[in-house]
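This one's a predicted model, so the numbers in the text were calculated from it and none came from an experiment.
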Amino acid sequence: SSLRALACLSCGGCGLALMSGVLVGLQLSPHGDCHTPPSNSAAGACPDGSGPGTAKQGLTRAKTQASLRSRCVQRELPKDRANNPVQLVVFDVDETLTLVSYMIEEGDPPEVRQELVRVNFESPWVEGSRIEKVRDLLSQLRVTKSNEPRALAILSRNNKGARSVLDLLEAAGLAHFFCVIWTMPWRATIPNGAYQDMDGKWQFFEPPVQEVDDHKADVLNEIVRKPAAWLPALADGSDPKLQYLSGLTLEGILLVDDQRSNFQSPSGSQVLRFCKVARYDATYEGIGFVKDMGGLGAHSDADYETLRMFVNQPSMCKERLHCHCMERHFEGNQLRPPVSLVIFEFDETMTLATFVPESEAFEHALNWDSASLACSEWTVPELLTYNFETPFVAGNRVEKLRDLLAVLSKGPDGQQRTLAILTSTEQGSVVGTLNLLRLAGLADFFSAIWKINKKRKNGPFGLFKQRGEWRKFDLPDSEVPAQKADTCASIAKWPAKWFPQLAEAADGSAAGEEPHLARLRELRLEGLLLVDDERASFQSSALGGSGMEVLRYCKVARYDEIYRQCGPLTQMGGLGAHTDADYDRLKSFVQSPWLFAEGQESNCQVPAEHTHTRARGRSASAERRQMPSCEGNGRSARRKRKAQEAASFAEPAAAASAPAAAEAAPAEDVPVAKREAKS
């Protein structure tokens, strides 16, 4: 096919050629940088300081999808406002609704428009149509849980103005979900706003953008003060469905954006509820190497469910660095049934961030010997330090975890309680998880380790401990849901399929040796407690799952930090990573979960004296260390790759009670660290 078009696409004059419907030619960044990608670059590649295109190897984070997930936060609010509903959800467009933004120009033929929609919105990293998933999400967000209308809006920093944003949304079939579009900075020669009238037709207008500081947090604060000036339907009363926005409050606005700096302005204005969409560098489609890409759900469908849950229950995502324990309401809760089974996620729950050596034996051999680490990229102390130890709290975290698990394994009346591991990472293996637990001296506390994911890679998917010996087994295909809440329901319904020890103990012989396992035959969902750092794990999606809820759960805090030699890491976790009070809270919760019943917020607060904070300015230099090397056989061992997302973090302006999560600012010469995917 001949060259159909060479369009200049709102990216500083760069060209984009389409041939046979495929993007070819110049390699573009969404901000107008034409450049050649570094050699050996891939999605998330991170060259080291020795020169462009030289990739460091070794320091690979196992649950790397965590850094590519969106993060939802509600800032501290007075108690009388903390549970106020979300009235208005405001979306950014560029790298939030889109992965990259190349605007549609007037006169573009249909095939060019179709190709631009695909490039802007569709993700090559997740199966299925992303546009359809975004449509489903927006459709759900427009209606509250009580079936009341909720407004959606666009606030975009786009030099092309509201008309160009509207054209792109209409081409993708998304425009009708929104009631208004605002663009900034203000431009005198183009429309800066558009709204949808009662007939569903879009009308352009001029919001008072030029009267407000050029920052999204200031704009949203001004919208609360003068809603009629920003929402023409309020001024003329043309849309009765939006009249409730005349009483709009700041906590009633939720901003979905890929730039963390948009959540607080230099003037001090804050966005009280926000969803931070992940940023990353990638080699994308036919464009080449693109910096600072984004896109809600670009790497994980869980983003949609996380945002939906956050919009409906924002108080569940309060900004804190301690765990949150909850018992939901269920039939028979007044009988106070005890907890028989405690299930832990491994990545970012038992660990702060998970790192594993590049070793086939480590990943697959149950008889793996740690002596094989000699002269490799890792030593045993390094694996323990990077995976389990926290630089934010004094003391030995591994010892604290051992003490915690020893207490949790003692059930009521001196009976033993069963502990298990349930992980869903696509990277790494279930045997690798066991070997890390063995290194830390934690494996003996658990009776089973399960791994679930959609793609069923890196089996086997289950390990169980029988008479002190670990054995492999395959989980039944029909009983392995992709979502953890459904998995927990399956475990409670068919415990013998998840604990092969029960099947082997059918004659009663083994049951006498491990009576706590025999008691699992009577397991019910309320007798199971899940400890996890992913909020979406506690309730399955109504779209992709059954809507099942975990009745008792402990949510481990997530945060972004500068971590040892890794530099800035996003979506870190770890029970007790920032406060020893986590261990006491979880002990109390497992022993008496009814004291943490839904609605009893006071039971989930952390005494200030137990919360440990540190100055971010000290965190990098204080934790640095030289990487080990070995000259065996005449060559140096592989150096560890710094899992570094960017050159610097934005300094937080949060309260002293907890360090704010910081985002790596984009740097021209430092691409995002390599992160493999986990659905």
Side-chain angles (χ1 to χ4, degrees), residues 10 86-94 96-98 101 103-108 113 120 138-139 141-142 149-250 252-257 259 262 265 267 269 271:
S10 71
V86 173
Q87 303 164 288
L88 176 66
V89 184
V90 180
F91 285 84
D92 178 38
V93 174
D94 304 319
T96 297
L97 287 177
T98 68
S101 292
M103 309 308 293
I104 293 175
E105 298 288 346
E106 185 176 357
D108 282 342
R113 288 173 172 261
N120 278 283
L138 297 178
S139 178
L141 296 185
R142 291 179 69 186
R150 181 189 290 120
L152 309 183
I154 293 289
L155 176 58
S156 175
R157 180 173 293 279
N158 192 300
N159 292 332
K160 292 288 185 176
R163 188 184 302 274
S164 184
V165 171
L166 178 59
D167 287 345
L168 181 61
L169 294 175
E170 285 185 328
L174 301 176
H176 65 282
F177 292 107
F178 301 96
C179 66
V180 64
I181 296 172
W182 305 299
T183 60
M184 53 190 299
W186 183 77
R187 293 288 187 269
T189 57
I190 55 176
N192 294 284
Y195 72 98
Q196 194 172 181
D197 63 20
M198 282 292 292
D199 297 326
K201 297 180 179 179
W202 283 92
Q203 309 292 338
F204 294 102
F205 78 107
E206 288 302 320
V209 178
Q210 74 277 18
E211 300 176 7
V212 188
D213 288 345
D214 187 29
H215 195 283
K216 288 188 179 182
D218 292 306
V219 168
L220 294 178
N221 275 263
E222 186 65 17
I223 292 172
V224 170
R225 286 191 286 269
K226 301 177 181 178
W230 297 81
L231 296 159
L234 289 182
D236 57 22
S238 60
D239 191 346
K241 293 182 180 179
L242 297 180
Q243 294 307 306
Y244 75 95
L245 291 179
S246 59
L248 185 64
T249 61
L250 191 56
I253 296 178
L254 190 154
L255 176 61
V256 186
D257 205 301
Q259 294 275 7
N262 288 330
S265 74
S267 68
S269 296
V271 179

For [X] and [Y], indicate whether the former's side chain and the latter's backbone hold a donor-acceptor pair under 3.5 Å.
X: Asn221; Y: Ala217; value: yes
X: Thr96; Y: Val93; value: no
X: Gln87; Y: Arg150; value: no

Can you measure from [atom1] ([X]) to [atom2] ([Y]) and round to the nearest 0.5 angstrom?
X: Phe204; Y: Ile181; atom1: CZ; atom2: CD1; value: 8.0 Å
X: Leu234; Y: Lys226; atom1: CG; atom2: NZ; value: 15.0 Å
X: Thr98; Y: Met103; atom1: OG1; atom2: CE; value: 8.0 Å
X: Ser164; Y: Ile190; atom1: OG; atom2: CD1; value: 8.5 Å
X: Lys241; Y: Arg142; atom1: NZ; atom2: CZ; value: 7.5 Å
X: Lys216; Y: Ser269; atom1: NZ; atom2: OG; value: 15.0 Å

Got [X] and [Y] here, is their nearest side-chain heavy-atom distance under 4.5 Å?
X: Asn159; Y: Pro185; result: yes
X: Leu245; Y: Pro227; result: no
X: Leu169; Y: Asp167; result: no
X: Pro191; Y: Phe205; result: no
X: Leu254; Y: Val90; result: no
X: Phe91; Y: Leu141; result: yes
X: Asp197; Y: Trp202; result: no
X: Gln196; Y: His176; result: yes

What are the two closest heavy atoms between [X] and [Y], and how far apart are they?
X: Tyr195; Y: Pro232; answer: CD2-CG, 3.5 Å
X: Ala175; Y: Glu170; answer: CB-CG, 3.5 Å
X: Ala151; Y: Cys179; answer: CB-SG, 4.0 Å
X: Asn120; Y: Leu168; answer: ND2-CD1, 4.0 Å
X: Ala229; Y: Pro208; answer: O-CD, 3.5 Å

Given the options Val180, Val209, Leu155, Trp230 meets side chain to side chain contact (heavy atoms under 4.5 Å, CB included) only with Val209
Is a side-chain donor-acceptor pair under 3.5 Å present for [Y] with [X]?
X: Ser101; Y: Asp94; result: yes
X: Asn158; Y: Thr183; result: no
X: Arg187; Y: Asn192; result: no
X: Ser265; Y: Asp213; result: no

Give the C-alpha distance, both sets of side-chain angles, the deciding distance and a yes or no for side chain to side chain contact (heavy atoms under 4.5 Å, CB included) between Phe177 and Ser139. CA-CA 7 Å; Phe177 292 107; Ser139 178; 3.9 Å; yes
Strictly below 4.0 Å, N to O, side chains only: are Asp92 and Arg157 in salt-bridge contact? no
Using side chain to side chain contact (heavy atoms under 4.5 Å, CB included), reason through Val89 and Phe178 one step at a time and then give a plain yes or no. CA-CA 10 Å; Val89 184; Phe178 301 96; over 6 Å; no
Assess the residue pair Leu97 and Ile154 against the criterion (side chain to side chain contact (heavy atoms under 4.5 Å, CB included)); give the C-alpha distance rounded to whole Å, side-chain angles, the decisive distance to 0.1 Å, and a yes or no. CA-CA 10 Å; Leu97 287 177; Ile154 293 289; 3.7 Å; yes
Verdict with reasoning, Lys160 to Glu105, per salt bridge (Lys or Arg N to Asp or Glu O under 4.0 Å): CA-CA 10 Å; Lys160 292 288 185 176; Glu105 298 288 346; 3.6 Å; yes
Please evaluate residues Ile253 and Leu248 with respect to the criterion side chain to side chain contact (heavy atoms under 4.5 Å, CB included), reporting the C-alpha separation (whole Å), side-chain torsions for both, the decisive distance (0.1 Å), and the verdict. CA-CA 8 Å; Ile253 296 178; Leu248 185 64; 3.8 Å; yes
